[in-house]
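Reckoned from all heavy atoms, side chains included, excluding hydrogens, waters and symmetry mates.
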Amino acid sequence: MILAEVNAPSDWVLFFGHFHPLVVHLPIGILAIAFILEILSRQQRLKNIEPAIAPILFFGTISAGVSCLFGWLLSQSGEYDSETLFWHQWMGIGVAVVSLAAWYMKKNWSADLKLSKLYMPAVYLIMILMTGTGHLGGNMTHGSDYLTAFTPEPFRSLAGIPPRKEANSTGEVRKIENIAEAVVYRDLVEPVMQQKCWSCHNEDKQKGKLRMDTPEFLMKGGEDGSIVTPGNAAGSEMLKIITRCRR
């Protein structure tokens with residue numbers, strides 16, 4: 001326990017790290033604007049907007065770098081799946097590096113026909129990396145099935161996605177008609193966990209090193225040990241936390 005406290009990141013690290021979801025939207029918006037302006041400036045009648053693109057790319061690069069820094073600080077919490085985090089982190093760094101290269105090319109190579117041919121591929125690469133980085137970030141924040149959870153048929157079957165549980169008009173899992181026929185975990189426990197717990201305790205994000213998206217991981221517990229004590233519901237840490245939060 002003492003060793004864990006020594007290796008734990010400081011409050012300052014986590015404080016600034018928690019700004020990552022806020023600042024990450026700046027480079028997304030700025031670089032997207034640069035991309036749109038670049039496409040529009042290709043039209044002769046909109047050629048006059050081209051001088052604005054290099055400064056926009058510069059500020060996009062700076063904001064991407066700041067976002068990477070805050071993202072690294074947030075990653076020190078150890079709450080995220082290491083593989084997803086690895087790709088999210090390096091694709092985010094890629095956005096910053098390629099943005100810097102695109103800014104340099106726009107500012108210094110525009111007059112060189114041979115070198116300037118590298119510029120547009122770099123701009124497209126920024127958008128590809130930014131899309132991939134955002135997707136992985138969403139997976140870590142909301143779960144890996146966030147984009148596909150409400151995929152309609154027939155696309156659901158074509159993509160091999162398991163059938164979705166039926167829900168009523170309010171988005172809640174359908175009520176059980178006969179409680180005597182209910183399977184306790186599947187019909188009573190899992191729907192509540194899915195709505196209230198999985199967003200922070202899933203395959204890609206484990207707050208407190210705790211996963212709750214399967215019975216096996218739920219029983220395993222997190223960094224502070226087990227949260228469910230078999231045969232002793234009242235003594236289980238999970239029940240204590242739930243009742244404490246409701247007061």
Side-chain angles (χ1 to χ4, degrees), residues 7-41 49-109 118-149 198-209:
N7 293 331
S10 70
D11 288 347
W12 282 105
V13 168
L14 296 180
F15 172 74
F16 285 109
H18 281 189
F19 280 87
H20 176 67
L22 175 65
V23 301
V24 76
H25 294 90
L26 289 175
I28 293 174
I30 294 172
L31 294 172
I33 290 172
F35 174 77
I36 293 170
L37 292 181
E38 187 61 59
I39 298 299
L40 292 176
S41 70
I49 65 176
E50 187 175 8
I53 298 174
I56 293 174
L57 282 172
F58 176 77
F59 286 112
T61 299
I62 297 300
S63 61
V66 172
S67 178
C68 287
L69 174 60
F70 284 0
W72 178 78
L73 294 175
L74 182 60
S75 72
Q76 301 308 297
S77 66
E79 296 174 355
Y80 301 95
D81 174 68
S82 58
E83 183 176 353
T84 307
L85 176 62
F86 173 85
W87 289 109
H88 174 73
Q89 171 181 293
W90 284 105
M91 289 178 76
I93 293 173
V95 170
V97 172
V98 178
S99 298
L100 177 62
W103 166 76
Y104 183 86
M105 286 186 278
K106 186 67 175 178
K107 189 173 185 296
N108 298 288
W109 292 359
L118 298 173
Y119 171 69
M120 280 310 294
V123 172
Y124 285 117
L125 182 57
I126 290 171
M127 300 309 294
I128 293 171
L129 288 172
M130 199 160 61
T131 301
T133 306
H135 172 64
L136 293 176
N139 284 355
M140 289 192 294
T141 303
H142 304 290
S144 57
D145 66 341
Y146 181 70
L147 286 180
T148 60
W198 287 5
S199 61
C200 290
H201 304 281
N202 56 66
E203 181 181 1
D204 299 305
K205 180 180 181 181
Q206 297 99 40
K207 202 171 181 66
K209 293 183 170 50

message: Heavy-atom count check: over 12 atoms from other residues, nucleotides or ligands less than 6.0 Å from W109 CH2?
response: yes
task: Measure the CZ-OG1 distance between F58 and T61 for me, rounded to the nearest 0.5 Å.
output: 7.5 Å
field: From CE (M140) to NE2 (H135), nearest 0.5 Å
entry: 11.0 Å
Exam field: side chain T141 to backbone G138, donor-acceptor pair closer than 3.5 Å: no
- prompt: Can you tell me how far the CD1 atom of I62 sits from the OG atom of S99, to the nearest 0.5 Å?
  reply: 10.5 Å
query: salt bridge (Lys or Arg N to Asp or Glu O under 4.0 Å): which pairs involve residues 23-34, sequence neighbours left out?
result: none
Using a 3.5 Å cut-off and no angle test, enumerate the donor-acceptor pairs between side-chain atoms of residues 14-39 and protein atoms at least two apart in sequence or in another chain.
from, atom 1, to, atom 2, distance (Å)
H20, ND1, S67, O, 2.9
H20, ND1, G71, N, 3.3
H25, ND1, P21, O, 2.8
E38, OE1, K106, NZ, 3.2
E38, OE1, Y119, OH, 2.6
E38, OE2, R42, NE, 3.3
E38, OE2, R42, NH2, 2.8

query: With sequence neighbours left out, what residues match S82 under side-chain contact (heavy atoms from CB on, under 4.5 Å)?
result: none
- request: Report the distance from atom CG of L85 to atom CG of N139, rounding to the nearest 0.5 Å.
  value: 12.5 Å
task: Tell me, please, which residues at least two apart from W90 pass side-chain contact (heavy atoms from CB on, under 4.5 Å).
output: F86, I93
message: Quick check for you: to the nearest 0.5 Å, what is the distance between I49 atom CD1 and S41 atom OG?
response: 5.5 Å
field: Set of residues satisfying side chain to side chain donor-acceptor pair (under 3.5 Å) with respect to S75, sequence neighbours excluded
entry: none
query: For M91, which residues count as a side-chain contact (heavy atoms from CB on, under 4.5 Å) partner, sequence neighbours excluded?
result: L129, T133, L136
